[in-house]
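A short worksheet on the structure shown next.
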Amino acid sequence: MSEIKKLSEEEIKTLTDLRTRFNNTVYSIGQVKLEQIAIQQELDRLNLYETDLISEYNKFRTEESAFADQLTKKYGPGEINLETNEYLS
């Protein structure tokens, strides 16, 4: 039969402290993971927004190029002065 032995107060305190520190560390790991998930979701949202903006940018560039072609056909090669509203050829 095995003998039952009591732990000292210091040993109990050490074990309790270790368990508390372990639990706090596990909890902190979970918190970090949740923050990483939130940051990744925000990054995904920003990447989607960036993709939309790049698409808009490319659309505007295409529109601008088409309009420039129209002006070139109408007025010939040249430059636009928006301050004077003149087309300089």
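Worth saying up front: this structure is predicted, and the values here are computed from it rather than measured.
Nearest heavy atom pair, residue Tyr75 against residue Ser89, reads O-CB, 4.4 Å. The shortest non-hydrogen separation linking Leu71 to Ile80 is CD1-CD1, 3.3 Å.
For Thr62 (side chain) and Asn58 (main-chain N/O), a donor-acceptor pair under 3.5 Å exists by modelled atom type.
Between Gln40 and Gln36, the closest side-chain pair of non-hydrogen atoms is not below 4.5 Å. Between Asp44 and Leu48, every side-chain heavy-atom pair lies at or beyond the 4.5 Å cut-off. Looking at Glu50 and Ile54, their side chains come closer than 4.5 Å, going by heavy atoms from C-beta outward.
Atom-to-atom distance recorded for Lys13:NZ and Thr20:OG1 is 10.0 Å, nearest 0.5 angstrom. Going from atom CG of Asn47 over to atom CG of Asp52 covers 11.0 Å, rounded to the nearest 0.5 Å. Taken to the nearest 0.5 Å, the CG atom of Leu34 stands 12.0 Å off from the CD1 atom of Ile29. Taking OG from Ser28 and NZ from Lys33, the interatomic distance works out to 15.5 Å, rounded to the nearest 0.5 Å. Put simply, CG on Leu46 and CD1 on Ile39 are 11.5 Å apart, with the number rounded to the nearest 0.5 Å. We find the OH-OG1 distance between Tyr49 and Thr51 to be 12.0 Å, quoted to the nearest 0.5 Å.
Asp17 and Arg21 are joined by a salt bridge, as a carboxylate oxygen and a charged side-chain nitrogen come within less than 4.0 angstrom of each other. Using a 4.0 Å cut-off between charged nitrogen and carboxylate oxygen, Glu42 and Arg45 count as a salt-bridge pair.
When hydrophobic clusters are built by joining Ile, Leu, Val, Met, Phe, Trp and Tyr residues whose side-chain heavy atoms come closer than 4.5 Å, directly or via intermediates, Leu82 is grouped together with Tyr87.
No donor-acceptor contact under 3.5 angstrom links the side chains of Thr14 and Glu11, judged on distance only.
Within a 6.0 Å sphere centred on CD of Glu56, heavy atoms belonging to other residues, nucleotides or ligands number more than 12.
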